[in-house]
Amino acid sequence: VPAETDRIVAELPRLRRFARALCADPGVADDLVQDCVERALGRLKMFRAGTNLRAWLFTIMRNIYISSLRAKSASGEGNMRSLDAEGAPLPVPANLDTPEAIMGARDIVHALEQLPLPQREVLVLVALEGMSYLETSQIIGVPTGTVMSRLARSREKLRQILNANPVPRTGLRSVK
Amino acid sequence: MTTNPDNRDLEINALVDGELDAHTRAEVEVWLANNPRSAERARQYRQINADLHKAFDGVLDEPVPAALHPAIIAARRTPGFWRRPAMAAAAALLVMVGGLGAWTASAILVPGPTASDALVAEAARAYAVYEPELLHPVEVTAADPDHLNNWLSNRTGRTLAAPDLTASGFRLLGGRLLPSTVGPAAQFMYQDMSLQRVTLYLRPGNGGDGAGELRLASGEGWNAFSWGYSRISVVMVGDLAADDLRTLAESAYEQANARSAGQ
């Protein structure tokens, strides 16, 4: 058994976390990890010993994910978001007096799903996976300057989504 | 947020991500101490990082399913990747896109700055304003495409029809009317599964002879392809790689030409 195979085993938890943050559904996420490991095994000869195995695996998995999204999109499959008035979330002005309350009540996972993939993947790689700007630029194949501007847009958009935390349509109303 | 991040935004992010050298970090921290609103923003960014870890770190402690183990996958040996329907469809798509390239090879692609810079800047501004919009990216949705096309045609005084880009994975969200330097202009918006958006901006006026030139232009966070006819100019804008955007622009271009040939 080549040493790389053992090292892939050691990376499985990290691959699963990255996959979970990309596609939310745990079953779909593990399918993605499986496809990634399979493709990595088939390309082990192309991996240069001494280079960053984790970044290499992340690159493979991210590319498989994007291909699968494009395929689903082209076949009309999948959960297209409704833009009907009824389907749209209600905007509510942020209550900036109590950021802690907003922070506690929000749903980071739901907010993350509202980001376009280019912004979401950059945020996940840097903020969750702890990748450097340079590693992130190599994984997604764009200059570090693009990583930085996407990251800034991504964080600011996520912050605004979270601060515009929608009020439930039923339930308690606050009274002055 | 409709503006591009400035240097201070990038520095605040880099501070949160530990990407600053000691000197710059000290400088940014002093600046934040005197700018409470930005300091609060930095605090919320750190909170986002912490919340992401809270939401996803549990996965690290879960037992890894045996099916993901390299030894098990290697033993199976069947290439499962291509067995899944979605992956088979991906293969089909690659073949199809290859074919499309052959049909549209006649379109001449001329990179670089051109006389249409003002037009492209107008389209890029409209893109930058509405692309990040969560709730109201369009004014009229694509629920009734005939209504959408008729409305924008009536207001711009040109016969417009939103091209179908579903073969490239982009679905029409709808459109909106915009003011331009030469009167009402129209913007169609499309979105793919990854929530990437592209816009198609159409403005009345002489945009050329329609001889089949797609011109590439680029700015901060966008690429654009433009072309024109005697009575209308067209710009496609998106934060896509130039080659991907070109595929979309060629498709729109071909459909527009096919329609005008049929009239």
Side-chain angles (χ1 to χ4, degrees), chain A residues 1 5 8-9 12-14 16-17 20-21 30-31 33-35 37-39 41 64 66-78 80 83-84 88-89 91 99 103 108-109 112 114-118 123-124 126-128 132-133 148-149 151-153 155-162, chain B residues 1 4-5 9-10 12-14 17 19 40-41 44-45 47-49 51-57 59-60 62 64-65 67-71 73-74 79-81 84 86-87 89-90 92-93 132 134-135 137-138 141 143 166-171 173-174 192-197 220-221 239:
Chain A
V1 178
T5 308
I8 290 176
V9 173
L12 285 174
R14 292 294 297 270
R16 292 184 76 221
R17 182 174 70 177
R20 196 75 67 90
D30 275 346
D31 282 352
V33 175
Q34 191 176 334
D35 290 339
V37 172
E38 195 159 311
R39 189 175 286 193
L41 289 175
I64 295 174
I66 286 177
S67 306
S68 72
L69 280 185
R70 287 193 179 142
K72 266 191 220 159
S73 193
S75 66
E77 195 189 316
M80 289 297 191
L83 278 168
D84 301 344
M103 295 285 176
I108 186 101
V109 178
L112 191 64
Q114 295 182 54
L115 295 179
L117 182 63
L123 185 69
V124 165
V126 173
L128 178 65
S132 70
Y133 291 175
M148 290 167 70
S149 60
L151 184 67
R153 280 198 292 262
R155 272 213 180 94
E156 185 55 20
K157 192 163 177 179
L158 194 70
R159 190 180 74 89
Q160 291 183 6
I161 293 170
L162 294 169
Chain B
M1 177 162 134
N4 285 316
D9 292 326
L10 300 183
I12 292 172
N13 276 275
D17 296 323
E19 291 266 349
E40 169 61 15
R41 197 148 59 90
Q44 292 188 18
Y45 286 174
Q47 185 66 45
I48 284 172
N49 289 12
D51 286 352
L52 282 172
H53 280 285
K54 215 181 288 175
F56 292 107
D57 280 0
V59 181
L60 298 179
E62 291 174 11
V64 176
L68 306 186
H69 206 282
I73 290 172
F81 173 71
R84 296 221 179 84
M87 297 306 155
L93 180 71
L134 284 176
L135 298 176
V138 298
T141 71
T166 51
S168 306
F170 281 81
R171 183 183 65 116
L173 294 180
D192 76 356
M193 284 291 292
S194 68
L195 309 187
Q196 277 264 66
R197 288 171 172 175
E220 171 68 30
D239 188 10

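Everything numeric in this text was worked out from a predicted model, so none of it was measured. Here is how names work: the chains are called A, B, and so on, in the same order as the sequence lines, proteins then strands, and each is numbered from 1.
Taking all atoms of both residues into account, the shortest heavy-atom contact from B/Leu10 to A/Ala152 is CD2-CB, 3.9 Å. Residues B/Ser194 and A/Pro118 come closest through the heavy atom pair O-CD, 4.5 Å.
For the salt bridge (charged side-chain N to carboxylate O under 4.0 Å, His left out) test, residues two or more places apart in sequence or in another chain that qualify with A/Arg14 are A/Glu129.
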Handout entry: Verdict with reasoning, A/Arg17 to B/His53, per side-chain contact (heavy atoms from CB on, under 4.5 Å)
Key = CA-CA 10 Å; A/Arg17 182 174 70 177; B/His53 280 285; 3.8 Å; yes

Practice task
Take A/Arg155 and B/Asn49, measure what side-chain contact (heavy atoms from CB on, under 4.5 Å) needs, and give me the verdict at the end.
Solution key: CA-CA 10 Å; A/Arg155 272 213 180 94; B/Asn49 289 12; 3.4 Å; yes

Handout entry: Worked verdict on B/Asp17 versus A/Leu151 for side-chain contact (heavy atoms from CB on, under 4.5 Å)
Key = CA-CA 10 Å; B/Asp17 296 323; A/Leu151 184 67; 3.1 Å; yes

Practice task
Walk me through it: do B/Phe56 and A/Val109 pass the test side-chain contact (heavy atoms from CB on, under 4.5 Å)?
Solution key: CA-CA 9 Å; B/Phe56 292 107; A/Val109 178; 4.1 Å; yes

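Heavy-atom pairs under 4.5 Å with chain A peak, among B/Asp239, B/Val64, B/Val59, at B/Val59. Note on B/Asp57, B/Leu52, B/Leu68: by heavy-atom pairs under 4.5 Å with chain A, the leading option is B/Leu68. When the candidates A/Ile8, A/Val126, A/Val37 are compared by the number of heavy-atom contacts under 4.5 Å with chain B, A/Val37 comes out ahead.
Rounded to the nearest 0.5 angstrom, A/Met148 CE and B/Asn13 CG are separated by 8.5 Å. To the nearest 0.5 angstrom, B/Arg41 atom CZ is 5.0 Å from A/Glu156 atom CD.
Neither the backbone nor the side chain of A/Ile66 comes within less than 4.5 Å of any heavy atom of chain B.
Side chain of B/Glu19 to backbone of A/Tyr133: a donor-acceptor contact under 3.5 angstrom is found.
B/Pro132 places none of its side-chain heavy atoms less than 4.5 Å from the side chain of A/Arg153.
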